[in-house]
Each structure stands twice: as structure tokens, then as C-alpha cells.
Visitor: 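Here you go, one structure.
Whatever order the structure lists them in is the order used to number ligands and atoms, beginning at 1. Values reported hereafter were calculated over all heavy atoms of this structure, with side chains retained and with hydrogens, waters and symmetry mates removed.
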Amino acid sequence: MQQWWKYAIGYQIYPMSFCDKNNDGIGDIKGIISKLDYLEDLGVNLIWICPMYDSPMDDNGYDIRDYEAIYAPFGTMEDMQELIDKANAKGIKIMMDLVVNHTSDEHIWFQKALKDKHSPYRDYYWFKEGDGKGNPPCNWRSVFGGPVWEKVPGEDNMYYFHSFSKRQPDLNWNCPSMRRELGEMIARWMKRGIAGFRVDAINFINKDAFVSHEVDGPDGLVSCFAYTRNVPGIEKYYVYLKEIFDANKCVTICEATGMPYEELDVYVGEHGTFSMVFDFNYTNIDVENEDYFRRTNWRVESYRDLLYDSQLQLQKVGWSAPFLENHDQPRCINKLIRNEKYHAVGAKTLALMLLSLKGTPFIYQGQEIGMVNFKRTGIEQFDDLNAKSQYEQSLANGFSEEESIYFLNMRSRDNSRTPMCWDKSQYGGFSNHEPWILMNEKYPSINVEDQIKDETSVLNFYKKVIHLRKSDPAFVESDFEAYPLHKDIISYKRGKYTIYINLSDKDIKLDIEGNIVLNSYSDYDGTLKPYQGLITEQ
Ligand code: TEU
Ligand code: CA
């Protein structure tokens, strides 16, 4: 059977920063509706929207208070229905974000669990006793810093578990009634006409035995990743999820950081739980262990080999969703185009790469106009809770304030969360009101309105590549073939097409095969110029 989502072009929306229709400084659903024509014109037809649910916004919506209400500043359930219907009418499918590793601490289940130690809702989460001497059950560090355990107020030796912030208690997937309630919630969302879900941090739902391990930082804790992420035995929970997804015909994308390829068949393919995965194995090339202050000096060759591996492993077993940016990542231009002189042309080259890979490609809002990171000068200018924690950890690991701010500017999640730049008016046409987060100062030169008019813009280049991809099913159906030619060039074949990406600022002489169908420069003279990309056809 032909699966439509394999042919789709994906686009990710960060609702807080996309378009603010009622001018209160926060993006909203009406704003997204007002840009559906823009999205249609760009050529995308599958949209993943980051969490829109009611939330205290400790982690910008990844802390859900009510799965079936909309965060008031975004709009109402009626607005959401209008968005789904209007998008569907244009042939644009909507995916919501499904956050079921944890809820907000303000979710009614958790509130009930906290208040009464005999509440059945205690079993919905992970409540454990400490050692009785004032210490929590174990010494793991949460993803956003500090211990994974938080003391239950009013009780002596009782703690609850959180992989992320202390306001995001983890759900216990062993609990049948919790699973049943989530299943019913998913079914109701599907009835509203969405295509499915991007499934958040789902590889965290199995936890290792809660025992202490060797400390790895000055805070006396140890990173929880090895004990909370991709923990063996997770398959049994994926079976439950698969039942829910299959029963409701959900199209799903698994967010799978650190996913081992040996277990791919559990995730995707004939017996897998998800339709596709976001593979991060080539994404976090610039840092180690997701710590901003552990920067790597990566070589193009190693990035290339990771990308090859990802493509080859995934096509063997199932389907992937390639991406270069998202709301947790810095802008891809800053990460991958390491010589600023070539940012503009590099943005086009990366478009050419992303859209010629195997899998359903996802473009993150602003990527299509070449938006870049935003340099901040002091910690008070950062919004994200993880920026604050990474700053603290960087200082504690011996780096200076200046160095720590540098790391945040390279990596912080605030980089991609600045408002979308629609035009060069004040606040970039995002709003008439001062935005909730600092505006990227580049909006007078990088914005949609100017780029629509400019034939040679990044935006018009994205449209061209999308058009090419849609014009030939070979980009969807043909195998990915690694075709290594040079250490600084990422080259591969897709059916009759060959793709050449120079990911360095050097001129590289190269004999190419076939006729050029797409070029991120205006010409080709036998030498691949700095950050030049080509697609040829034979
Ligand atoms: O991210 C999950 C995740 O694996 C994190 O390690 C992520 O890489 C993190 O952003 C590192 O800075 C998801 C969401 O995408 C993220 O926005 C949420 O904060 C997180 O889950 C918790 O829900
Ligand atoms: Ca608004």
C-alpha cells in the first residue's frame, strides 16, 4: 500500500513564535491559520505543531496540565478545530505533539497523587522512598540539571521522579489505568481530524533500577541518560503504544535521541511502533552528551559517515524523517556552515541536502529563509530553563562567564525560538507588541517579504528544491546509496540523481556525472566552491 506520509514534505511550527494575530506578543492559532496560504505556497503538506495544550509553561508547553484544553493565549479548542479543518481542506495534514513520558506537576492526576498517599494516582507516577537518612533513592542528574528526585511536601522520606524539570513528573507506564486514559485521549484527538503525533521523549518511558552510579560532575550526581533513555526492556511499553496507534490509525514520528540502530525494528518497519523516527545520531555532532560546554571540533568526514549510517540503517528497516533543525537545536546554518562568509549560500546547500535525503524531510520554521542564531550577552537575556541549567553547569565545570555565554549562544534552544521574521517592520511582522522572547536583530535583512520578491533568495531556493522533490517519486522511493568521493564532500546517489555537498570553505576540484538540475551557486566550473551543493541527473 502506498503510504501518503512517505511522499509528504514536513514543516515544524513552534506556536509561541510563529505568528501573533491578536498582538499580545505570543504566537497563536489564529496566527497559524493566517499563514496557511504561505505554507501551501512553500509546498509543505504535513505540519507538526509543538505543544498547544493547557500548561503552566515551565518548559514551554512540554509540561501539560490538561491534554484536552488549549493554552489560553494560543486560543481555544474551537480555534484548534478551525485550524485542523482549514488545513485539511488545503491537503495539509496536522500532527500534534504527544507528551506522555511526563505531565506537568499541575496536572490533576499529579495534584491528587501529591495530596493523598493512598490515592490511586500515586501509581500513575514514580513515587519512591529515600534511604531514610535524608537522601533520595539514587544520585542521577535530570536532563535539565539537579537531581531526578524531588521531595514530596509534607512527607518525610518520600520522593517523586522526573527525567526533565521538577515540574515534569514522569508517568509510570506499568499502570494500566494511566495507559487506558492516555489511549482514550489519543482517540479523541484523532476524531478531531489530525493525522497523528510527533511523540515526545518516548524513549525515556522505561527506567533502570533506581540505584546510584559513579558521580560524573561537580554536583555529585551522574547523568541520567544511561538509566532513563533507551533502557532495555522498553519494548514492552512500545507494544502498548502500538496497540493505541494502530487502533486509531495514527501517523507517528518518534523522537528518539540516542537510539541504538540494533533496536530499530522495535521503532519502525513492519513490526515497529512508529511510522517514522527522528534520528539524532548525526544531529548532536557539535557537542557531547547534549552538554553545551562539551563542544567537539568535528570533521566533515565524521558528520558524513554518521549521516550515511543513519540513512542506510533506517532504509534497511523502516522510514525516517530527516531534519537539520528543531526547537531544541541551534540554527543549522550556524552549526554546519562554519565560515560566516558563506551563510547565505550554505543555507541553500543545506536545503538541497535535506530535501534529497531518503525519508520524510522536516523543515523548521524560519529555516526556509535562512534564519540564524541570535547572540545574547548575559544570562538574563535567556529564556529557556535548560539555558539556565547549562550555564550553571558550565560555570561549575570551570568555564568563565564569558565562555559559558559563548556556549549558550552556540547551542541554546532560544536560538531557534526567536519569532519568525515575516517582514522588516518592527518585531518583524510577527506582532505589533513586544514579543515574549527577544527578537533576532537580523529581521531587517532576513525576512519572508523580501525573499518572496528576490528570485535568488533562500526561500525561493527552498521552493525550487521542494518542487523538484515532488516532481519525481525517485526522491521518495529510490534507495539511498553512499558515494564517498572526498573527505569534505557529502555525496550520495538517489536513483538517477547524484548529490554533491561541499561542507567546507575550500575549493575542491571534482569531476561530476550527469547534468546539473539544481545548484546552490549560479554556475559550476569544474570546482566545487565553498559550501556549494549540486544535484545532477543521469
Ligand atoms: O526533548 C527530549 C530530549 O531528548 C532532550 O534531551 C532534548 O534533546 C533537550 O532539548 C536537550 O536540550 C523533548 C522536547 O523536544 C523538548 O523540547 C522538551 O524540553 C523535552 O522533550 C521534555 O519534554
Ligand atoms: Ca497572541
Side-chain angles (χ1 to χ4, degrees), residues 12 14-34 48-53 55 57-64 70-76 79 97-104 141-145 162-171 198-205 223-225 228-230 253-259 277-281 283-284 286-287 289-294 323 325-330 364 382-390 393 407-408 411-417 419 427 430-436:
Q12 182 192 350
Y14 196 68
M16 259 191 188
S17 300
F18 191 59
C19 178
D20 174 21
K21 198 73 186 150
N22 69 347
N23 294 308
D24 62 354
I26 303 171
D28 43 51
I29 298 175
K30 293 275 193 214
I32 302 176
I33 295 173
S34 74
W48 151 36
I49 311 177
C50 283
M52 314 267 280
Y53 314 93
S55 163
M57 294 284 160
D58 181 51
D59 185 19
N60 288 5
Y62 283 94
D63 47 323
I64 297 174
I70 299 292
Y71 176 57
F74 288 163
T76 61
D79 295 337
D97 214 307
L98 184 67
V99 188
V100 290
N101 173 68
H102 45 268
T103 67
S104 159
R141 179 188 313 112
S142 66
V143 178
F144 295 146
H162 59 91
S163 300
F164 294 90
S165 98
K166 64 177 178 205
R167 304 211 45 199
Q168 295 168 298
D170 282 41
L171 288 164
R198 172 265 189 185
V199 191
D200 183 70
I202 199 66
N203 52 341
F204 283 77
I205 60 179
S223 164
C224 70
F225 283 141
T228 54
R229 193 172 74 173
N230 307 310
I253 313 178
C254 171
E255 186 207 18
T257 45
M259 170 192 63
V277 292
F278 283 134
D279 176 17
F280 285 75
N281 289 330
T283 306
N284 293 322
D286 55 329
V287 290
N289 210 30
E290 295 198 28
D291 279 331
Y292 303 172
F293 52 92
R294 291 182 218 278
F323 65 97
E325 278 179 22
N326 64 35
H327 65 293
D328 294 333
Q329 292 286 324
Y364 177 73
F382 289 85
D383 172 80
D384 179 31
L385 81 174
N386 201 29
K388 289 166 192 160
S389 137
Q390 286 284 329
Q393 290 181 58
F407 296 139
L408 293 192
R411 250 286 159 177
S412 123
R413 308 195 297 179
D414 287 341
N415 279 311
S416 55
R417 297 177 180 188
Y427 309 130
F430 162 74
S431 178
N432 295 337
H433 184 286
E434 189 184 351
W436 68 279

Visitor: I'd like to check Tyr364 versus Trp48 (side-chain heavy atoms, cut-off strictly below 4.5 Å). Are they in contact?
Guide: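 Counting from C-beta outward, Tyr364 and Trp48 never come under 4.5 Å.
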
Visitor: What atoms in ligand 1 come closer than 4.0 Å to a heavy atom of Glu290?
Guide: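 Ligand 1 atoms under the 4.0 Å threshold to Glu290: 5 (C), 6 (O), 7 (C), 8 (O), 9 (C), 11 (C).
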
Visitor: At under 4.0 Å between heavy atoms, is it the side chain or the backbone of Phe144 that contacts ligand 1, or both, or neither?
Guide: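 Phe144 to ligand 1: side-chain contact only, backbone stays beyond 4.0 Å.
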
Visitor: Kindly assign one of parallel, tilted or perpendicular to the pair Phe164 and Phe204, based on the angle between their ring planes and the thresholds 30° and 60°.
Guide: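 Tilted, since the angle between the ring planes falls between 30° and 60°.
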
Visitor: May I ask you to decide whether Arg229 forms a salt bridge with Glu290, counting only side-chain N to carboxylate O separations under 4.0 Å?
Guide: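 Glu290 and Arg229: salt-bridged.
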
Visitor: Roughly how far apart are Ser416 OG and Gln12 CD, rounded to 0.5 Å?
Guide: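 It comes to 8.0 Å.
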
Visitor: Kindly state whether the ring of Phe430 and the ring of Phe18 have centres lying under 6.0 angstrom apart.
Guide: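 So the answer is no for these two rings.
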
Visitor: What's the spacing between Asp328 CG and Asn415 CG if we round to 0.5 Å?
Guide: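 Those atoms lie 12.0 Å apart.
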
Visitor: Under the side chain to side chain donor-acceptor pair (under 3.5 Å) test against Ser431, which residue among Asn22, Asp28, Asp24, Asp20 passes?
Guide: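 So the option named by the test is Asp20.
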
Visitor: Take every heavy atom of Phe280, measure it against each atom of ligand 1, and state whether any distance is under 4.0 Å.
Guide: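 In this structure, Phe280 fails to qualify as a contact of ligand 1 - no heavy atom is under 4.0 Å.
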
Visitor: Could you tell me whether ligand 1 has any atom less than 4.0 Å away from a heavy atom of Arg198?
Guide: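 It does; at least one heavy atom falls under 4.0 Å.
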
Visitor: Suppose I only count heavy atoms of Glu255 and a 4.0 Å limit; which atoms of ligand 1 are within that range?
Guide: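 The atoms of ligand 1 under 4.0 Å from a heavy atom of Glu255 are 1 (O), 2 (C), 3 (C), 13 (C), 15 (O).
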
Visitor: Report whether any nitrogen, oxygen or sulfur of Ile26 sits less than 3.0 Å from the Ca ion (ligand 2) (N, O or S, backbone or side chain).
Guide: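 Given the 3.0 Å cut-off, Ile26 counts as a ligand of the Ca ion (ligand 2).
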
Visitor: Considering only non-hydrogen protein atoms, determine which one is nearest to atom 12 (O) of ligand 1 and report residue, atom name and distance to 0.1 Å.
Guide: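 The answer is Asn386 ND2, 2.8 Å.
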
Visitor: Side-chain donor-acceptor pair under 3.5 Å between Asp384 and Asn386, yes or no?
Guide: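 Per modelled atom types, Asp384 and Asn386 side chains form no pair under 3.5 Å.
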
Visitor: Nearest non-hydrogen atom to atom 17 (O) of ligand 1 belongs to which of Ile202, Asp97, Asp328, Asn289?
Guide: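 Looking at heavy atoms only, Asp328 sits closest to atom 17 (O) of ligand 1.
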
Visitor: Please confirm whether Tyr62 and Tyr53 have ring centers closer than 6.0 angstrom.
Guide: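 So the answer is no for these two rings.
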
Visitor: Any idea which atoms of ligand 1 are less than 4.0 Å away from a heavy-atom of Phe204?
Guide: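 With Phe204 as reference, the close atoms of ligand 1 come out as 4 (O).
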
Visitor: Inspect the contact between Asp59 and Arg413 and indicate whether a charged nitrogen and a carboxylate oxygen are less than 4.0 angstrom apart.
Guide: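 Yes.
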
Visitor: Got the closest protein heavy atom to atom 10 (O) of ligand 1, with its distance?
Guide: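 It is Arg413 NH1, 2.7 Å.
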
Visitor: Please determine whether any non-hydrogen atom of His102 lies less than 4.0 Å from an atom of ligand 1.
Guide: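 A heavy atom of His102 does come that close to ligand 1.
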
Visitor: Which protein non-hydrogen atom lies closest to atom 18 (C) of ligand 1, naming both residue and atom, and how far is it?
Guide: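 Here the closest protein heavy atom is Asp59 OD2, 3.3 Å.
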
Visitor: Has ligand 1 got any nitrogen or oxygen that is less than 3.5 angstrom from a nitrogen or oxygen of Arg229?
Guide: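 No; every N/O pair is 3.5 Å or more apart.
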
Visitor: Among the N/O/S atoms of Asp20, which is closest to the Ca ion (ligand 2)? Give the atom name.
Guide: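 Per the distance ranking, Asp20 contributes OD1 as its closest N/O/S atom to the Ca ion (ligand 2).
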
Visitor: Tell me, which protein residue and heavy-atom name are nearest atom 4 (O) of ligand 1, and how many Å apart are they?
Guide: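 The answer is Thr257 OG1, 3.2 Å.
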
Visitor: Measure from the Ca ion (ligand 2) to every N/O/S atom of Asp28 and report the name of the nearest one.
Guide: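 Relative to the Ca ion (ligand 2), the closest nitrogen, oxygen or sulfur of Asp28 carries the name OD2.
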
Visitor: Taking the basic N atoms (NZ, or NE/NH1/NH2) and the acidic carboxylate oxygens, is any pair closer than 4.0 Å for Asp383 and Arg417?
Guide: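 Looking at Asp383 and Arg417, the cut-off is not met.
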
Visitor: State the atoms of ligand 1, each with its element, that fall below the 4.0 Å cut-off from a heavy-atom position in His327.
Guide: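 Matching atoms, with element in brackets: 14 (C), 15 (O), 16 (C), 17 (O).
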
Visitor: Using a 4.0 Å cutoff against the non-hydrogen atoms of Asp200, which atoms of ligand 1 qualify?
Guide: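 Counting from 1, the qualifying ligand atoms are 13 (C), 14 (C), 15 (O), 21 (O), 22 (C), 23 (O).
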
Visitor: Would you name the N/O/S atom of Asp24 that lies closest to the Ca ion (ligand 2)?
Guide: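 Distance check against the Ca ion (ligand 2) picks out OD1 in Asp24.
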
Visitor: Backbone or side chain, does Asn23 get an N/O/S atom under 3.0 Å to the Ca ion (ligand 2)?
Guide: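 False for Asn23.
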
Visitor: So does Asp97 pair up with Arg198, basic N to acidic O under 4.0 Å?
Guide: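 Salt bridge flag = yes for Arg198 with Asp97.
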
